There are 2 protein chains.
Amino acid sequence: MQAPLEAMVFDRLKSVTSQDVAHAAGVSQATVSRVFAKRGNVQPITAEQVRRVAGELGYRPNVMARAMRTSRTGTVGIVVSRLGNPLYPLMLQTLGPKMVDAGLRMVVWSVDESDETCAIDAIKERSVDGVLMMTATAESSALREVVKSGLPVVLINRVVDGLPLDQVESDNRAGGTCVAHYFAATGRRRIALIGGPQAPSTIRNRDLGFRDQLAALGAPLKKQLTAYVENFSYAAGFAAAMRLLELATPPDAIFCANDVLALGARDAARRRGVRVPEDLWLVGYDDIDMAAWDAFDLTTIRQPINEMCQIATDLLVARIGGSTKTPGKTVVPNDLIIRGSTGRHPFPALG
Amino acid sequence: MQAPLEAMVFDRLKSVTSQDVAHAAGVSQATVSRVFAKRGNVQPITAEQVRRVAGELGYRPNVMARAMRTSRTGTVGIVVSRLGNPLYPLMLQTLGPKMVDAGLRMVVWSVDESDETCAIDAIKERSVDGVLMMTATAESSALREVVKSGLPVVLINRVVDGLPLDQVESDNRAGGTCVAHYFAATGRRRIALIGGPQAPSTIRNRDLGFRDQLAALGAPLKKQLTAYVENFSYAAGFAAAMRLLELATPPDAIFCANDVLALGARDAARRRGVRVPEDLWLVGYDDIDMAAWDAFDLTTIRQPINEMCQIATDLLVARIGGSTKTPGKTVVPNDLIIRGSTGRHPFPALG
DNA sequence: CTGAAAGCGCTAACAG
DNA sequence: CTGTTAGCGCTTTCAG
C-alpha cells in the first residue's frame with residue numbers, strides 16, 4: 001500500500017551529502033565518493049555498509065558537483081526541429097531507452113529552424129557531453145557551433161557531406177531508385193514527383209535516386225510533372241498534388257518526398273474524386289504510423305529507425321568515451337512497404 | 001561570408017574561466033562574476049570593459065559551477081508520455097519559446113508510463129528547478145516523487161484532485177456537456193461513446209460531462225452504446241467503432257474521448273461503408289492537426305493550448321521564484337470546432 | 001584499501 | 001563600487 005499523495009511529507013531542501021553519509025557510516029567522505037563513483041578500490045564489506053547507510057538516508061550524489069569536478073555531465077542533447085512530423089517524435093521515443101541503457105540523460109532541443117539559440121547556448125556552455133542532430137543541414141548554425149566546439153556529435157537521419165563527423169542515414173538514394181523502378185516496371189506512364197527544399201540530405205537523395213533511375217530507364221521525369229513545395233506539411237502536399245491533378249493529362253503515379261506530403265496528396269485526390277490506386281498511384285517515404293491507416297493505406301519506404309537509433313547511440317557513446325576512430329558515414333538499407341495506394345502490386349523483379 | 005564548416009578550428013577543452021577574464025581585464029574575479037550574474041553593483045564603465053574582454057576571450061559562465069553555488073539549475077523538466085499522440089509534441093512546441101522567454105532551459109522526459117525512472121532520478125538529484133507534467137495521473141510515480149521532493153511542480157492538461165499543486169486544465173467536463181447537448185438538440189437518436197481508462201482526468205471529465213448531460217436531457221447513455229478502450233490509439237478507436245457499427249441498431253453519433261480514437265473510428269466507418277455524416281456523426285477531442293485534414297474533417301473540441309502553456313509557464317516561474325501563493329487549479333474554456341463529420345450543423349441554442 | 005587535502009568555477013557575504 | 005575570502009559537493013592525487 002502506498003500512502004496517499006496528500007499525506008506525504010515534504011523533505012524539501014534536505015539534501016543529504018556524501019559528508020553526511022560518511023559520518024553516519026563511520027568512514028571518510030572520500031570512501032563514500034569511491035563507492036558511488038564505482039571506482040573499485042573499496043573493500044566489499046565497507047562498500048556494502050556505505051550503500052546501506054546511504055539508502056537509509058536517501059542519499060543521491062549531486063550531479064552538479066560531480067559534473068563540475070569531472071567536466072562530464074552525463075547528458076546528451078538532441079537537436080530536432082519540426083516535431084510536427086511524426087517521424088521525429090518516433091525517433092525520440094526510440095532513442096530514449098537506448099540512452100538510458102547507455103547511462104545518459106537526454107535533453108531535447110526542439111528548435112525552430114530560425115531559432116536554435118537554446119541549443120547553441122547549451123553547446124557553448126558545455127552543459128552536455130555530446131550532441132545528436134536529427135535534422136541537420138549544411139546551413140544549421142547549431143551544427144556549425146557544435147563542430148566548432150569540438151563536442152562529440154553524431155548526425156542521424158540527415159547527413160551533411162564533407163564533415164568529419166559520425167553520421168547515420170538510411171539509403172535514401174536507393175529508396176528513390178526503388179520507387180522509380182517500381183513505377184516504371186509496373187507500367188506507370190505519367191510519373192510525377194512532389195519534392196521539397198534540397199537542404200535536407202534525405203530529400204535531396206530521394207530526389208536524386210528517383211530522377212536518375214527514371215532517366216536510366218529512358219523516361220526522364222518531366223518538368224511539368226514535378227512540383228516543389230516550400231515546406232513539408234500536409235497542406236503543401238495537398239496543394240502540390242492539386243496542381244498536378246489539374247493538368248490536362250494528369251499523372252498516374254506520384255512519388256512524394258515524405259509521408260506527410262503524401263498524405264496531403266492523397267487527400268487532394270480524394271477531394272478531386274481521383275481514385276487511388278485505379279487512377280493514381282501514390283508512394284511516400286518514412287512509414288509513419290498514419291501511412292498504415294485505412295484512410296491513406298499508403299505505400300511507402302520504411303527507414304529502419306530502431307537500427308539507426310542504436311547505431312547513432314553507440315557511436316555517440318564511443319565518441320564521448322574518447323574514441324578517436326576516423327568518423328564516417330553509416331548507411332543502412334530501407335524497405336518498400338507495399339499497400340493499397342499502389343494496388344498492393346508486388347515489387348517487380350529487377351532487370 | 002561564413003568560413004566553410006570543414007575549415008573550422010577546434011577549440012575543444014579551452015574553457016575560459018572568470019578568472020582568466022579577470023586577469024585580462026585587470027579586475028578581480030568577483031567583479032567578473034558580478035557582471036555576468038547581473039547583480040548590478042558594478043560601475044558601468046568597468047562592466048563594459050569586462051564584457052568586452054570576455055567577448056574577445058569567448059568566455060561563457062560555467063553553468064555547473066553556477067548551479068552548484070546557487071542550487072538553481074535554470075532548467076525545468078517536462079514529463080510527457082506517449083509522444084505518439086500529436087497533442088503532446090504540439091504542447092512541447094508551444095512551451096519551448098515560452099520557457100526561453102522565461103530564461104529557462106527545458107528538458108523533456110518522454111516517459112513510458114511503466115518506466116519513469118529517468119524523470120524520477122533527475123527529480124531526486126534535483127537537477128531541475130521545477131517540473132511540468134503533461135500526462136500526470138494519480139498513479140504516476142514521478143508525480144509522487146516530485147511532490148515528495150517538494151520541487152515546484154505544475155500540472156498541465158491532466159490534473160489530479162486533492163493535491164496542493166498548481167494545475168492548469170481546460171474545462172473537459174464542459175466539453176463533454178457541450179457535445180451531449182449538440183447531439184441531443186440536433187436530433188441524434190442513438191448516441192454512443194468511445195471512452196477510455198479513467199485514470200487521466202481529461203478522459204474522466206469528458207466522460208462525466210457527456211453522460212450527465214445526456215441523463216439530464218432524459219436520454220441516458222445506453223450501456224450497449226458504450227465502448228471502453230484500453231489505450232488511446234488509432235487501432236483501439238478503430239476496433240471499438242467496428243464493434244459499435246456491427247450492432248443490430250448501430251449508433252447515429254459517436255463521441256470519442258480524444259481525436260486519435262476518433263480518427264480510428266472514422267476509418268472504421270469508412271471500412272464498413274457507413275457514411276459520415278449522413279449515417280453517423282463523429283466528434284473527437286483536442287483538435288490535433290489531422291482532425292482538419294480532408295480525410296477526416298472531424299468536428300472536435302479545441303483546447304486553448306497556447307493559453308494553457310502560458311499560464312503553466314507563468315505559474316512554474318512564479319513558484320520557482322519562491323511564490324507561496326496557495327496553489328490552485330486554473331480551468332480555461334474550450335471551443336467546439338464544427339466540421340464535416342457532423343455535417344457542419346451549427347450549434348443549437350441552449351435551453 | 002582508506003583518509004587527508006586540494007581544488008573544479010562560481011556566488012555571496014564581508015570589509016574596505 | 002570593488003577586492004578578499006569562504007565555501008557549494010564532489011573526485012582525485014598522495015600518503016599511510
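A, B, ... follow the sequence lines: proteins, then strands. Residue 1 opens every chain. What's counted below: heavy atoms across the whole structure, side chains too, no hydrogens, waters or symmetry copies. Note that the structure is predicted; figures quoted are calculated from it, not measured.
Across all strands, A:Val27 comes closer than 4.0 Å only to sugar-phosphate atoms, never to a base (heavy-atom distances). Residue-level contact check: A:Ser71 touches neither bases nor backbone, having no heavy atom under 4.0 Å from any strand.
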B:Ser110/A:Gln93 under side chain to side chain donor-acceptor pair (under 3.5 Å): CA gap, chis, key distance, verdict: CA-CA 7 Å; B:Ser110 165; A:Gln93 285 191 101; 4.8 Å; no
Go through it in stages, so that I can follow the logic: the residues are A:Asp121 and B:Arg60, the test is salt bridge (charged side-chain N to carboxylate O under 4.0 Å, His left out), and I'd like the CA-CA distance, side-chain angles, deciding distance and then a yes or no. CA-CA 9 Å; A:Asp121 286 349; B:Arg60 315 224 78 199; 3.7 Å; yes
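OP1 or OP2 of D:dG9 has not a single side-chain nitrogen or oxygen of A:Ser33 nearer than 4.0 Å. For A:Gln43, a side-chain nitrogen or oxygen approaches OP1 or OP2 of C:dT2 to under 4.0 Å. At least one side-chain nitrogen or oxygen of B:Thr46 sits closer than 4.0 Å to the OP1 or OP2 atom of D:dT2. Using a 4.0 Å cut-off, some side-chain N or O of B:Ser18 falls inside it from OP1 or OP2 of C:dC10. Side-chain N/O atoms of A:Thr31 include none lying less than 4.0 angstrom from OP1 or OP2 on C:dT2.
Regarding A:Gln29, its CD atom lies at a distance of 11 Å from the C1' atom of D:dT12, rounded to whole Å. Rounded to whole angstrom, the span from the CZ atom of A:Arg60 across to the P atom of D:dC8 amounts to 22 Å. In this structure, CE of B:Met68 is placed 8 Å from C1' of C:dC10, rounded to the nearest angstrom. Between the CZ atom of B:Arg72 and the P atom of C:dC10 there is a distance of 18 Å, rounded to whole Å.
Of the candidate nucleotides D:dT12, D:dG3, C:dG9, D:dG3 has the atom nearest to the side chain of B:Arg34.
With the nearest nucleotide of DNA chain C identified for both A:Pro44 and A:Ala30, A:Pro44 has the one nearer the 5' end.
Put simply, the side chain of B:Arg69 and the base of D:dG9 share no donor and acceptor less than 3.5 Å apart.
For the residue pair A:Ser28 / A:Thr31, a side-chain donor-acceptor distance below 3.5 Å is found, with atom types taken as modelled. Looking at A:Asn306 and A:Gln310, their side chains never bring a donor and an acceptor atom within 3.5 Å of each other.
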